[in-house]
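Only one structure is covered here, and it is reproduced in the block below.
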Number of protein chains: 2
Amino acid sequence: MAKKAGPRAKAGEQAGAARGEERIRQRNEKAILRAATTLFAKKGFDGTRATEIAERAGLPKANLYYYFNTKEEIYRAAIRHLIAGWDKALRHIRADADPFEALEAYVREKLDYARKNADESRMFANEIISGAPFLSRADRKHMHDITLEKTLIIEQWVAEGRMRPVNPRHLFIVLWSTTQFYTNFEKITCDTLEKPRLSPSDYEDAARTIVETVLRGLRPGKASSDP
Amino acid sequence: MAKKAGPRAKAGEQAGAARGEERIRQRNEKAILRAATTLFAKKGFDGTRATEIAERAGLPKANLYYYFNTKEEIYRAAIRHLIAGWDKALRHIRADADPFEALEAYVREKLDYARKNADESRMFANEIISGAPFLSRADRKHMHDITLEKTLIIEQWVAEGRMRPVNPRHLFIVLWSTTQFYTNFEKITCDTLEKPRLSPSDYEDAARTIVETVLRGLRPGKASSDP
DNA sequence: ACAAAAGCTGACCGAAGTGTCAATTTATGG
DNA sequence: CCATAAATTGACACTTCGGTCAGCTTTTGT
């Protein structure tokens, strides 16, 4: 199939007037994706109605289908967008950096990213819990490759005696889980902290807790393993 | 409304033949709840069709509506069930216990519970991410109260110098996030560990990692905070 | 200025899904 | 065994929702 969805779906800004070319299309697609992400995050794919997305984007429903062929296409576009931001924070993990400075920077940035992009973060979590039915093999490979690369750096640090021995894959899992929990499970976090909403200072407390528990446990030092 | 849903919805086993009283009803409700939990976990409330639940429970759809008035009622019943298991693992946190033995036992049991009740755990995660629209105030208060109680114990341990200073609420959040991540986000965990499925030994590795990072960081010892 | 392309939209359709019901069968208690 | 309650179910009513379409308006290039 694939018959309509606008006349020129691809072919970015190749030449000619770079000014406002495709301005309208870009603005509307962005509005649709923003609205969709918020709704998908809260209500999931099936729980979100095309009409709702349209309303939130300030467009009539039929207009949605001028830009996208199906609701699923909107969902996939949103997923693609958030996959692109996956590895941002990982750039701190460099072999020539100080392990603990690098890991702390990573934790703080990840926490910050989740806070500032709460909807994306939640939508992603939803997708994974549901078994990642819309993640392409390429998406998963990408995430996997990036992780593997950073894994090797951790192993190197361990080999150099700069950190305690640790399974780097599990370490990343622990770091992901903690940094995403605050945003993804905001409701339960708020209940626990007895706050109506999470403030920046709560995120600061979170960062400190993660650094002082998870990371401190990895600092080299005489073995105090058994009591 | 609320007109049907079986003749005797409540009034457990009060008297008379305790043998097979209400056997059929009990069996069927259980089958429905089990089937529903699995589906709600994977596809969310709106993504799950009443027909699917019925099929999975081995019943015709109309029979579902003999036991429950609405799909929402099924969902609520499932939620109620899993809230009941929330505090199981927390029983290890007792003031007279050794802090690290207690915390390790807690971590291991929580990990184990999540693994063995993956569907419930995922359904719960789904509910929270979506903003906990079906959690009653009482449910939330229950969770909050239990947590508060354990929080005080941690504070006592800190005051006695048996652990490093830590914000107990954040500590619990870190512990929840890590212990639930493996099950809730199984897909991403598998990709990261390069396994098709998680084996018990992977969970053992997870437990060890959590204990050796998160918990080790809390052991008292001379301050090695700054480099 | 004007033609062609892009953008917009109200009205509509068919598929699918929730919940209903009346009629039938099965279990239970005396 | 019979009467009454419980359990079962196929067929159906009603609604909602994803997606279409034909014709309209606006923008753009020349």
Side-chain angles (χ1 to χ4, degrees), chain A residues 1-32 35-36 39-40 43-77, chain B residues 1-11 13-32 35-36 39-40 43-76:
Chain A
M1 304 272 171
K3 51 269 140 119
K4 64 165 186 181
R8 219 182 331 153
K10 272 291 152 56
E13 60 294 355
Q14 42 192 36
R19 192 83 61 88
E21 193 176 351
E22 299 260 296
R23 224 180 328 152
I24 299 176
R25 181 174 204 89
Q26 229 171 324
R27 172 167 42 85
N28 282 341
E29 283 183 354
K30 198 169 169 180
I32 292 169
L39 290 165
F40 285 142
K43 310 159 77 136
F45 179 78
D46 293 285
T48 301
R49 308 301 160 203
T51 314
E52 289 178 299
I53 300 176
E55 265 172 27
R56 195 167 237 275
L59 264 42
K61 187 187 65 167
N63 207 348
L64 237 65
Y65 287 92
Y66 174 71
Y67 290 108
F68 297 90
N69 282 312
T70 61
K71 189 171 81 167
E72 181 175 324
E73 203 173 270
I74 299 177
Y75 189 90
R76 298 195 112 99
Chain B
M1 302 275 173
K3 52 267 138 120
K4 65 164 187 181
R8 218 180 333 150
K10 273 290 152 59
E13 59 296 356
Q14 43 191 34
R19 191 83 62 88
E21 193 176 350
E22 299 260 297
R23 223 179 330 150
I24 298 176
R25 179 173 207 90
Q26 228 171 325
R27 172 166 43 84
N28 283 341
E29 284 184 354
K30 197 169 171 181
I32 292 169
L39 290 165
F40 285 142
K43 309 159 78 134
F45 179 78
D46 294 285
T48 301
R49 309 300 160 202
T51 313
E52 290 179 299
I53 300 176
E55 263 172 29
R56 196 167 236 277
L59 265 43
K61 187 188 63 167
N63 207 346
L64 238 62
Y65 287 93
Y66 173 71
Y67 290 108
F68 298 90
N69 282 311
T70 61
K71 190 170 81 167
E72 181 175 324
E73 203 173 270
I74 299 177
Y75 188 89
R76 298 196 112 99

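Protein chains get the first letters and strands the later ones, always in sequence-line order, with residue 1 at the start of each.
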Inset, instruction - Write down the distance between CZ (A:Phe40) and C1' (D:dG18), rounded to a whole number of angstrom. - result: 12 Å
Legend entry - Closest nucleotide among C:dC8, C:dA27, C:dC21 to the B:Ile24 side chain: C:dA27
Inset, instruction - Give the rounded distance in Å between these two atoms: CG of B:Asp46 and C1' of C:dA16. - result: 14 Å
Legend entry - Main-chain N/O of B:Thr48 paired to B:Lys71 side chain as donor or acceptor, under 3.5 Å: yes
Legend entry - Interatomic distance, B:Gln26 CD vs D:dA7 C1' [rounded to whole Å]: 16 Å
Inset, instruction - Check whether any side-chain N or O of B:Arg25 sits under 4.0 Å from OP1 or OP2 of D:dA7, and answer yes or no. - result: yes
Inset, instruction - Would you mind classifying the nucleic acid contact of B:Lys71 as base, sugar-phosphate or nothing, using non-hydrogen atoms under 4.0 angstrom? - result: sugar-phosphate
Inset, instruction - Enumerate the residues from residues 48-58 of chain B whose closest heavy atom to DNA chain C is under 4.0 Å, giving them by residue number; use none for an empty result. - result: B:Thr48, B:Arg49, B:Ala50
Inset, instruction - Identify, with sequence neighbours excluded, every residue that meets side-chain contact (heavy atoms from CB on, under 4.5 Å) alongside B:Asn28. - result: B:Ile24, B:Leu59, B:Tyr67
Legend entry - Between D:dT8 (C1') and B:Ile32 (CD1): distance, integer Å: 12 Å
Legend entry - Value in whole Å for how far the P atom of C:dC8 lies from CG of A:Leu64: 12 Å
Inset, instruction - Round to the nearest Å and state the distance from B:Leu39 atom CG to C:dT18 atom P. - result: 12 Å
Legend entry - Any B:Tyr66 side-chain nitrogen or oxygen under 4.0 Å from OP1 or OP2 of D:dA7: yes
Inset, instruction - Output the distance between atom OG1 (A:Thr70) and atom CG (A:Leu64), rounded to the nearest 0.5 Å. - result: 10.5 Å
Inset, instruction - Could you please spell out the steps behind the side chain to side chain contact (heavy atoms under 4.5 Å, CB included) verdict for B:Glu29 and B:Arg25? - result: CA-CA 6 Å; B:Glu29 284 184 354; B:Arg25 179 173 207 90; 3.2 Å; yes
Legend entry - Under-4.0 Å side-chain N/O to phosphate OP1/OP2 contact, B:Asn28 with D:dT8: yes
Legend entry - Interatomic spacing from CZ in B:Phe68 to CG in B:Asn63 - rounded to 0.5 Å: 11.0 Å
Inset, instruction - Determine which pairs satisfy salt bridge (Lys or Arg N to Asp or Glu O under 4.0 Å) with at least one residue from residues 53-70 of chain B, sequence neighbours left out, and list them in order. - result: none
Inset, instruction - Find the distance B:Arg27:CZ to D:dA6:P and express it as a whole number of Å. - result: 17 Å
Inset, instruction - Could you tell me the separation between the CZ atom of A:Phe68 and the P atom of C:dG7, rounded to a whole number of Å? - result: 13 Å
Inset, instruction - Identify which nucleotide among D:dA7, C:dG19, C:dG10 has an atom closest to any side-chain atom of A:Pro60, counting heavy atoms from C-beta outward. - result: C:dG10
Inset, instruction - Report yes if a side-chain nitrogen or oxygen of A:Arg23 is closer than 4.0 Å to either non-bridging phosphate oxygen (OP1 or OP2) of C:dA6; otherwise report no. - result: no
Inset, instruction - Run the numbers on B:Glu72 and B:Phe45 for side chain to side chain contact (heavy atoms under 4.5 Å, CB included), then give the verdict. - result: CA-CA 8 Å; B:Glu72 181 175 324; B:Phe45 179 78; 4.1 Å; yes
Inset, instruction - Compare the minimum distances between each of C:dG10, D:dG19, D:dT8 and the side chain of A:Tyr65, then state the nucleotide with the smallest one. - result: D:dG19
